[in-house]
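Have a look at the structure below before the remarks.
No hydrogens, no waters, no symmetry mates; every other heavy atom, side chains included, goes into these values. Each chain gets a letter, A, B and so on, in the order its sequence line appears, and its residues count up from 1.
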Number of protein chains: 2
Amino acid sequence: MTASPTTCDRILDAAERLFADEGFHATSLRQITQAADANLAAVNYHFGSKQALILAVFRRRLDALNKARLTRLDAALTDSDRPDLEEILEAFIVPALAFTHGSEDAGHLFMRILMRAFAERDDQLHRALSAEYAHVMRRFASAIAVALPGVDEQCLRRHLDFIVGALTHTMAENGSSNGQAIANDLVRFAAAGLRSAVSVRNLDGATRTLEIHT
Amino acid sequence: MTASPTTCDRILDAAERLFADEGFHATSLRQITQAADANLAAVNYHFGSKQALILAVFRRRLDALNKARLTRLDAALTDSDRPDLEEILEAFIVPALAFTHGSEDAGHLFMRILMRAFAERDDQLHRALSAEYAHVMRRFASAIAVALPGVDEQCLRRHLDFIVGALTHTMAENGSSNGQAIANDLVRFAAAGLRSAVSVRNLDGATRTLEIHT
DNA sequence: GTTCGATTCAAACACTTGTTTGAATGTTAG
DNA sequence: CTAACATTCAAACAAGTGTTTGAATCGAAC
């Protein structure tokens, strides 16, 4: 039999599920500790505060996710001299979906939490997360810049935002079903979108402009 | 001089800003009424409850946004017999950005709120919104299906999710700056992504599959 | 001026929140 | 065994929550 999970882990699991279902502020420590079969004071004892618990829930999964992404990115880059755009995008997208198919629907829950974190304007959380998240995004940005020479830097950053938005939104919306089909779609969708940026610029040197009514 | 805004409007404005900054549950009625220079009981008097206020904040902007989208979509469809994909996408994307450039940063705030609504698992809010939102999405889906014959229906629905995710994420993240450039990028990005779906199917009849490690 | 409906107001309601405390318990080392 | 430490527990804390209430105030219509 596996060692029974510690109080810390039970609290993290319960908090993850409740945060995903109800939101950070809407979830009370009493709900969490009751679901975790722990005493109310356990949260403040083990983590210090509710805010620190939120960060802990985050780090546990995000560290693993970003590490898997970077490992796969490195593998794609050393595979050949000229990196393949699709392989780079798979390195970013597939681990997120592998997550979803992992232990129960932990990944699915975490994607909902990740989306909340983007929505939350909580500066403390925002800063703490972007510290390591920015590093990962920069690695992928430069990898794509190599695979797709001639793409505007600012444009590339925007497109990465598109991909992050599309990924988190669909992951949060659709459950853990059809992960593979979604990954296929998103990789192709994103690759085509990225390639369109350089081809347009190479053909006529300027993008079409739209009028925006104000 | 313009007629001074009613208490209802002041409450809606204050609530919109605070909901975007702090979240639904994190903002108290006391914060809202104080910012709106109204009495605490005014919210329950005019709207009935906090939950009803949240819905009211939503409807005020979402109605206008979706109406603008559909108007522009109709214009694009009657323009010519065979609708242009880019025009359809502009009908969906540009009004959201025109919003952003409208009164102050009201649109920017509302996009953050919209993102929260997707993240929130509040079933009541979810159901109330998807009622009219689903209708708009269906209109756009069938318009794209005409402009892009041969695209798989399920695949199209997923791609619309990608676009919604990309739009809300970037709108929420970047402020009201560079709205036009973002709209240009997203329209081109989305169009290329959508076209890639039909071309792949038409060329070899099957999509590439990725292994997902679990 | 008076009456009537709509609106505002201050005060209180019952309840939940995150956090702290100090004693009780379990666990490990000397 | 005992001493020291880590962990759990029930209880209380002050502060904040959404909502309700009943009186006060306003603005027209008669």
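- For the pair R10(A) (side chain) and A36(A) (backbone), a donor-acceptor distance under 3.5 Å is present.
- For D37(A), the side-chain hydrogen bond (donor to acceptor under 3.5 Å, both in side chains) test picks out no residue, with sequence neighbours left out.
- With rounding to the nearest 0.5 angstrom, the CG atom of L167(B) is 12.0 Å from the CG atom of D161(A).
- Annotation: the terminal axes of the helix from dG1(C)-dC30(D) to dT27(C)-dA4(D) meet at 0°, where each axis is the rotation carrying the C1' atoms of four end pairs onto the next four (5 pairs per end, rounded to 10°).
- Computed from coordinates, the I32(A) CD1 to dT17(C) C1' distance equals 12 Å when rounded to whole Å.
- Atom CD in Q34(B) sits roughly 17 Å away from atom P in dT8(C) (whole-Å rounding).
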Going 5' to 3' through nucleotides 14-25 of chain D and flagging B where a protein heavy-atom sits under 4.0 Å of the base, S where only the sugar-phosphate is that close, and - otherwise, we get ---BBBBB----

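- Remark: D74(B) engages R139(B) in a side-chain contact (heavy atoms from CB on, under 4.5 Å) (not counting sequence neighbours).
- Ion pair R72(A)/E87(A) not flagged as a salt bridge, since none of the NZ, NE, NH1 or NH2 atoms sits closer than 4.0 Å to an Asp/Glu carboxylate oxygen.
- Proximity of T7(A) to the phosphate of dT8(D): a side-chain N or O atom is located under 4.0 Å from OP1 or OP2.
- Salt bridge annotation for D185(A)-R188(A): present, with a cationic side-chain nitrogen under 4.0 angstrom from a carboxylate oxygen.
- Here the CG-CG distance, from D152(B) to L156(B), works out to 8.5 Å after rounding to the nearest 0.5 Å.
- Between N39(B) atom CG and dT8(C) atom C1' the separation is 6 Å, expressed in whole Å.
- Remark: C1' of dT8(D) and CD1 of I11(A) are 11 Å apart, rounded to the nearest angstrom.
- Between the C1' atom of dT19(C) and the CZ atom of F47(A) lies a distance of 16 Å, rounded to the nearest Å.
- Residues passing the salt bridge (Lys or Arg N to Asp or Glu O under 4.0 Å) test with R30(B), sequence neighbours excluded: none.
- A salt bridge between E86(B) and R195(B) is present, with a side-chain N of the basic residue lying under 4.0 Å from a carboxylate O of the acidic one.
- Rounded to an integer number of Å, the gap from D37(B) CG to dC9(C) C1' is 13 Å.
- In this structure a side-chain-to-backbone donor-acceptor pair under 3.5 Å is present from S28(A) to Q31(A).
- From R157(B), atom CZ reaches atom CZ of F162(B) across 12.5 Å, with rounding to the nearest 0.5 Å.
- Summarising the geometry, the separation between CG on L53(A) and C1' on dT17(C) is reported as 15 Å, rounded to the nearest angstrom.
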Which atoms of nucleotides 23-29 of chain C (N or O only) lie under 3.5 Å from a protein N or O atom, and what are those distances?
none

